[in-house]
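Below is one structure, written out as structure tokens; comments come after it.
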2 protein chains.
Amino acid sequence: MAAARKEPRSNDITIPATAYAVLGLLSFEQELSGYDLKKWADSILRFFYWAPAVSQIYGELKRLDRLGYVTSREVPQDDLRNKRVYRITDSGRAALTEWVEQDDVEPPVLKHSPLLRVWLGHLTTPDHIRELLLSHRANTEQMLEDARKSEAQAHNNPEQWHYPELVARFSMRHFEAELGLVDALLAELD
Amino acid sequence: MAAARKEPRSNDITIPATAYAVLGLLSFEQELSGYDLKKWADSILRFFYWAPAVSQIYGELKRLDRLGYVTSREVPQDDLRNKRVYRITDSGRAALTEWVEQDDVEPPVLKHSPLLRVWLGHLTTPDHIRELLLSHRANTEQMLEDARKSEAQAHNNPEQWHYPELVARFSMRHFEAELGLVDALLAELD
DNA sequence: CGTTGCATGTAAGGTGTTACATGATTAC
DNA sequence: GTAATCATGTAACACCTTACATGCAACG
């Protein structure tokens with residue numbers, strides 16, 4: 001008998017993690033526009049997941065709408081402009097919860113291009129590699145700083161924000177750890 | 001004046017990092033088949049980058065061939081079966097080196113779905129979240145063990161393997177750090 | 001005798017990006 | 001007055017995966 005494959009749960013249509021990420025953003029706030037969602041994703045999600053392109057967010061919203069996971073309405077903006085705000089439905093919240101509780105945890109995906117370059121160090125000089133690592137180190141420091149700000153923000157917020165705060169702290173430490181790893185590697189380069 | 005965008009260097013056709021990863025594998029060994037490359041990628045690249053599907057490897061090889069970055073020849077296998085082995089060309093080595101030395105370092109991409117789920121913890125119970133983290137922890141421990149083996153292998157090998165050894169050690173520490181972060185998060189869950 | 005490894009590829013489809021199009025308002 | 005922010009979307013394309021097709025050899 002064919003071994004249990006994907007274990008499609010109940011009435012689940014499988015949608016990508018990105019869709020759940022967008023739905024997840026909507027599970028915190030009342031109503032958000034596609035534009036709002038993009039800003040949010042950029043300011044929070046990018047630390048531990050990643051920030052989808054604007055166009056993809058609009059696409060995902062359309063999909064979520066088709067599935068009945070969100071509803072939307074137009075709110076008048078200025079004069080002639082309208083904006084469309086989205087709200088998660090009960091069905092959407094249920095689907096999202098099911099996804100969160102899903103016991104089959106995919107491992108994190110890491111694509112560390114700086115390291116990929118280091119791995120190919122035999123093609124260039126140690127100086128180049130060192131420079132590359134320092135550049136990566138600077139990027140990481142920037143991320144760490146941003147993550148710290150994000151953590152501070154999450155800190156003074158209602159109960160619902162407990163988990164985001166924990167995750168923000170995790171991210172902070174993650175970037176701190178990365179700095180340590182880079183430094184150790186730099187030290188070993190000699 | 002339009003700000004410098006992608007800085008297309010010299011005669012560079014931009015090919016994805018994956019293509020360089022495959023080319024990189026070929027920069028160590030003399031000749032490898034698509035099949036060999038897949039095994040390699042699975043056993044090494046996956047720790048800090050990621051392992052492309054078999055079919056993609058064949059696709060990338062075709063592209064690299066078109067670009068003149070690799071050459072191939074058929075070697076008779078058993079009876080009727082042939083296998084095609086690839087070898088990096090001087091032009092390929094030059095292109096790869098240029099890529100390694102490129103000063104515009106893209107940051108690592110992390111898609112941490114377990115954390116994404118934790119972030120949405122308000123939708124479920126702390127027990128579920130704990131379970132999820134323990135599951136992720138077990139996966140990480142497995143990766144750590146594998147990375148250790150890989151590091152040990154890289155250790156007793158010729159000069160060229162110095163950088164892979166450093167990277168293997170980085171990966172080891174990376175997974176150790178991840179375990180630490182998960183444990184800290186678990187502790188804070190109370 | 002069934003599974004795994006060896007070995008190579010095609011086809012289809014989903015995921016995600018960039019570029020483009022449009023246009024108002026606000027800030028420097 | 002030029003750029004940035006707000007605001008939404010389409011189209012084209014690149015990337016990558018799964019499923020499929022094929023078939024021998026070796027191991028248990």
Side-chain angles (χ1 to χ4, degrees), chain A residues 1-3 5-6 8 13-22 31-43 45-46 49-67 70 72-86 106 109 111 113, chain B residues 1-3 5-6 8 13-22 31-43 45-46 49-67 70 72-86 106 109 111 113:
Chain A
M1 70 190 73
R5 296 244 118 244
K6 275 282 177 97
I13 304 106
T14 52
I15 58 177
T18 303
Y20 288 114
V22 171
E31 288 187 314
L32 294 166
S33 68
Y35 195 86
D36 296 332
L37 285 164
K38 171 57 177 167
K39 276 192 308 181
W40 253 66
D42 280 349
S43 79
L45 238 45
R46 68 167 171 128
Y49 208 72
W50 114 107
V54 200
S55 62
Q56 201 192 351
I57 287 180
Y58 287 108
E60 294 298 350
L61 284 171
K62 210 163 258 178
R63 184 205 316 242
L64 294 171
D65 196 5
R66 261 201 322 275
L67 292 170
V70 298
S72 70
R73 65 187 184 92
E74 299 224 327
V75 283
Q77 192 77 342
D78 31 51
D79 301 344
L80 299 167
R81 305 188 59 58
N82 277 5
K83 80 169 167 183
R84 178 167 296 277
V85 291
Y86 293 83
E106 321 99 90
V109 174
K111 284 184 163 195
S113 5
Chain B
M1 72 190 73
R5 297 244 117 248
K6 274 285 178 94
I13 305 105
T14 51
I15 58 176
T18 305
Y20 288 114
V22 170
E31 288 186 314
L32 294 167
S33 67
Y35 195 88
D36 295 333
L37 285 163
K38 171 58 177 167
K39 275 191 307 179
W40 254 66
D42 281 350
S43 79
L45 240 43
R46 68 167 173 130
Y49 208 72
W50 115 107
V54 201
S55 62
Q56 200 192 350
I57 287 179
Y58 286 107
E60 295 298 350
L61 284 172
K62 209 163 259 178
R63 184 206 315 245
L64 293 170
D65 198 4
R66 261 200 322 276
L67 291 169
V70 299
S72 71
R73 64 185 186 93
E74 299 225 325
V75 284
Q77 191 77 344
D78 29 52
D79 301 346
L80 298 169
R81 305 187 60 54
N82 276 5
K83 81 168 165 181
R84 180 167 294 275
V85 290
Y86 293 83
E106 323 99 89
V109 175
K111 285 184 163 194
S113 7

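Sequence lines set the chain letters: A, B, ... in the order given, protein chains first and strands last, and positions in each chain run from 1.
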Figure out the CG/P separation between Leu37(B) and dT8(C), and round it to whole Å. 9 Å
Among the nucleotides dT8(D), dT8(C), dC16(D), whichever has the atom closest to the side chain of Val54(B) is dT8(C)
Whole-Å distance, Leu61(B) CG to dG9(C) C1', equals 12 Å
Expected output: side-chain Asp36(B) to main-chain Ser33(B) donor-acceptor under 3.5 Å: yes
Pro52(B), nearest nucleotide to its side chain (from dG5(C), dC15(D), dT17(D)): dT17(D)
Any protein N or O atoms within reach of nucleotides 10-13 of chain D? Criterion: under 3.5 Å, listing atom names and distances.
residue: dT10(D); atom: OP2; partner: Lys62(A); partner atom: NZ; Å: 3.0

OP1 or OP2 of dT17(C) versus the side-chain N and O atoms of Gln56(A): is any pair under 4.0 Å? yes
Glu74(B) CD - dG9(C) P separation (whole Å): 8 Å
Check the phosphate of dC6(D) against Ser33(A), side-chain N and O only, distance under 4.0 Å to OP1 or OP2. Yes or no? no
State, yes or no, whether a side-chain contact exists between Gln56(A) and Pro16(A) at a heavy-atom distance under 4.5 Å. no
If we only count heavy atoms from C-beta on, is the Trp40(A) to Leu45(A) side-chain gap below 4.5 Å? no
Take atom CG of Asp36(A) and atom P of dC6(D), then tell me their distance rounded to the nearest Å. 9 Å
Earlier contact from the 5' end, DNA chain C, for Trp50(A) and Gly59(B): Gly59(B)
Distance (rounded to the nearest 0.5 Å) between Trp50(A) CH2 and Thr18(A) OG1: 3.0 Å
For the side chain of Pro16(A), starting at C-beta, report the closest nucleotide among dG9(D), dG16(C), dT8(C). dG16(C)
Atom pair distance, as rounded to whole Å: NZ in Lys38(B) and P in dG5(C): 13 Å
Regarding the side chain of Ala53(A), the nearest nucleotide among dT17(D), dC16(D), dT18(C) is dT18(C)
Whole-Å distance, Arg63(A) CZ to dG14(C) C1', equals 8 Å
Counting heavy atoms from C-beta on, name the nucleotide in dG16(C), dC16(D), dG9(C) closest to the side chain of Lys111(B). dG16(C)
Please check if the side chain of Lys38(A) supplies one atom and the backbone of Pro52(A) the other of a donor-acceptor pair under 3.5 Å. yes
Rounded at 0.5 Å granularity, tell me how far NZ in Lys83(B) sits from CD in Glu74(B). 12.0 Å
Provide, to the nearest angstrom, the distance between the CD atom belonging to Glu60(A) and the C1' atom belonging to dT8(D). 16 Å
Check step by step if side chain to side chain contact (heavy atoms under 4.5 Å, CB included) holds for Val22(A) and Val70(A). CA-CA 10 Å; Val22(A) 171; Val70(A) 298; over 6 Å; no
In whole angstrom, what separates Tyr35(B)'s OH from dC6(C)'s C1'? 5 Å
